[in-house]
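Taking it in order: structure first as structure tokens, then the write-up.
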Amino acid sequence: MAINRESNGYTITFAIIMVVIVGGLLAFVSMSLKPVQQANVDNEKMQNILQAIGISETDGISRDEAGKVFNTYITRRLTINYNGEILSDKSVNDPIDSKDKLDAFNIDLRKEYSKFIKPIMNKTKGNPDLLIEELKKSKDIHFPIFVCENKGEKYYILSASGKGLWDDIWGYVSIKSDFKTINGSVFDHKGETPGLGSKIKEDWFQDQYIGKFIANDNEFTSVDVLKPGAVLNEHQVDGISGATFTGVGVQEMLKRNLVVYYNFFKGHPEFSANETKEEVIIDTTTTDSTLVSTTDSIK
Amino acid sequence: MSEAKKESLFSKKNRKLITEPLNTINPVTIQVLGICSALAVTVQMDNALIMSIAVTAVTVLGNVVISLMRNIIPSRIRIIVELVVVAFLVICVDQILKAYVYDVSKSLSVFVGLIITNCIIMGRLEAFALGNKPWESALDGLGNGLGYGLVLIVVAFFKELFGSGSLSIPGLGKLELLPDAFFELGYMNNGLMLLPPSSLFIVAIYIWVQKSRNPQLIGE
């Protein structure tokens with residue numbers, strides 16, 4: 001061969017050509033598989049939301065099936081901010097547009113937590129009152145609500161995201177139209193310990209939430225995760241032995257997120273206009289006491 | 001002519017390229033390469049199977065590509081070139097898994113990406129593909145991939161059977177093999193079998209059985 005394969009020029013040229021070819025090929029592979037991958041991710045999200053409702057029709061629904069029937073069950077998608085103002089309100093007739101970042105379906109729970117909430121929590125460590133204040137001020141935090149109608153009953157699927165022992169955890173909780181009874185839940189995690197913290201994904205853990213109350217008559221309570229084996233009341237569930245911190249994470253994220261929804265529903269009686277109008281009391285002092293109870297928990 | 005070609009394609013020497021890594025020069029049990037993922041992705045049979053297929057695909061394709069390029073690769077940057085080829089193939093595998101077998105890709109998580117660092121692949125590229133023709137290299141890659149997969153599947157079989165009392169086989173779903181009566185009698189799944197250390201025990205027993213059946217493998 002005439003070319004000197006040991007020369008610097010040859011080596012550098014070879015490296016450059018190789019990198020350009022490989023880079024081009026990778027870009028091509030990534031672009032051409034992107035739509036299929038995105039569909040998987042979307043369908044999984046729909047599957048999680050549908051399973052969280054807690055109705056027999058969508059229990060154990062497969063991922064592909066979830067993509068097809070999502071719109072039959074979810075009739076309205078809302079996005080609110082921490083102060084309970086509605087930012088986006090889509091009905092079943094509005095298609096999900098992946099470019100519309102405010103559409104409830106496009107709210108990325110993990111991003112909400114890691115990008116917007118976590119910095120505030122780090123900044124206000126040890127000062128729960130300040131945390132609430134800062135969260136209220138933030139314009140970036142969104143809370144999606146999915147409204148499901150099935151056999152004349154309405155269910156509201158709420159979401160929560162936070163931190164487990166190792167990495168992010170998130171989940172969906174559905175409540176009945178009395179705005180306090182939990183009807184179903186789904187939790188997921190990025191990297192909790194397999195066999196321990198990862199059990200929050202399992203049915204026995206999630207099913208414990210069914211029938212628990214996130215509030216008593218007019219005060220937000222959330223649902224706590226206790227050490228396994230304790231005597232439980234209607235605001236508590238059993239934790240996972242060996243995974244205390246994951247349990248603490250689930251408890252913290254539910255407390256921090258569900259109170260927003262609770263206050264939102266209180267401040268918007270039209271959501272319950274048909275069924276439980278008399279139960280809704282708009283009372284600023286109640287709201288305040290709610291916040292105090294939350295701050296206690298964050299400590 | 002085709003007869004003659006076939007003969008040379010699967011000559012005794014070439015067949016050995018596939019059969020030897022399955023047993024006497026098995027990359028995992030004899031050369032002790034690729035142990036990391038053998039410990040980690042063997043909790044369920046289906047994951048182990050997909051992982052084996054992925055690694056086999058990467059060793060075969062990697063070997064072929066490097067073998068085709070063996071005369072033009074500058075020797076001073078050959079490791080980097082090998083690494084780029086392997087990384088490219090692994091990213092492709094990862095993307096394909098994400099698109100078509102999403103659940104498996106989720107449960108394999110980082111281990112797909114870590115195929116890049118699997119010593120078997122770099123080892124075969126360095127030791128074989130750089131000095132041999134593409135066809136032999138492909139067979140060598142296939143043999144080593146299968147040798148790796150064999151160990152993975154054997155380990156996964158015992159881990160899943162004793163760890164969760166079931167076997168998950170692609171296409172058939174999760175088979176609950178142990179009858180409930182077993183559990184009522186007080187039998188319990190062994191949680192240790194689901195954790196990585198148990199793979200070491202199984203690999204060790206595998207090596208024991210293998211060496212006692214092949215006395216020539218036992219050193220002085």
Side-chain angles (χ1 to χ4, degrees), chain A residues 1-48 62-64 66-67 166-167 188-196 198-199 201-202 241-242, chain B residues 39-44 47 61-62 65-66 68-111 130 159 163-164 173 189-198:
Chain A
M1 230 184 236
I3 314 164
N4 176 12
R5 289 204 284 127
E6 299 309 316
S7 74
N8 288 343
Y10 179 81
T11 306
I12 291 168
T13 320
F14 186 91
I16 290 171
I17 293 174
M18 181 184 68
V19 167
V20 169
I21 292 176
V22 170
L25 283 173
L26 277 182
F28 173 75
V29 170
S30 163
M31 292 298 283
S32 49
L33 291 175
K34 191 102 201 167
V36 193
Q37 292 171 354
Q38 191 56 43
N40 281 337
V41 174
D42 285 350
N43 285 349
E44 189 191 25
K45 194 169 182 182
M46 291 177 176
Q47 182 190 23
N48 281 341
S62 76
R63 206 174 58 234
D64 293 330
W166 303 112
D167 212 321
D188 206 346
H189 64 97
K190 166 103 186 297
E192 295 309 295
T193 322
L196 296 174
S198 74
K199 285 189 181 164
K201 273 177 84 170
E202 290 179 7
S241 31
Chain B
L39 303 192
V41 292
T42 45
V43 176
Q44 284 187 323
N47 290 351
L61 291 173
V65 172
I66 291 295
L68 286 171
M69 288 170 32
R70 71 188 185 282
N71 290 328
I72 57 166
I73 296 175
S75 61
R76 273 184 294 172
I77 58 165
R78 68 179 195 287
I79 298 274
I80 298 175
V81 174
E82 287 161 15
L83 205 56
V84 169
V85 169
V86 174
F88 167 73
L89 291 169
V90 169
I91 292 170
C92 286
V93 167
D94 189 30
Q95 298 280 326
I96 291 167
L97 290 182
K98 265 190 197 145
Y100 298 109
V101 271
Y102 185 65
D103 295 317
V104 176
S105 132
K106 264 183 74 177
S107 56
L108 289 178
S109 65
V110 296
F111 291 103
L130 275 178
K159 279 183 82 168
S164 6
N189 286 322
N190 187 345
L192 176 67
M193 292 303 269
L194 295 176
L195 299 173
S198 67

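Keep in mind that this is a model prediction, so the values were computed, not measured. Computed over heavy atoms, backbone and side chain alike; hydrogens, waters and symmetry mates excluded. A note on names: the letters A, B, ... follow the listed sequences, proteins ahead of strands, and every chain is numbered from 1.
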In terms of heavy-atom pairs under 4.5 Å with chain B, which of A:K34, A:Q38, A:E6 leads? A:E6
Considering all heavy atoms, the nearest A:L26-B:C92 contact: CD2-SG, 4.5 Å
Using non-hydrogen atoms only, which part of A:V19 is less than 4.5 Å away from chain B: side chain, backbone, both, or neither? neither
When you look at B:I73 and A:F14, which way does the side-chain contact (heavy atoms from CB on, under 4.5 Å) test go after all the steps? CA-CA 8 Å; B:I73 296 175; A:F14 186 91; 4.1 Å; yes
Can you tell me how far apart OG (A:S198) and CG (A:D188) are? Round to the nearest 0.5 Å. 10.0 Å
Given that the side chain runs from C-beta out, which part of B:V43 has a heavy atom under 4.5 Å from chain A: side chain, backbone, both or neither? neither
In Å and rounded to the nearest 0.5 Å, what is the NZ to CG distance from B:K159 to B:L195? 7.5 Å
From B:E82 CD over to B:M69 CE, what is the distance, rounded to the nearest 0.5 angstrom? 9.0 Å
Chain A: which of B:V85, B:I91, B:I96, B:V84 shares the most heavy-atom pairs with it under 4.5 Å? B:V84
Let me know if A:E44 has heavy atoms under 4.5 Å from chain B in its side chain, its backbone, both or neither. side chain
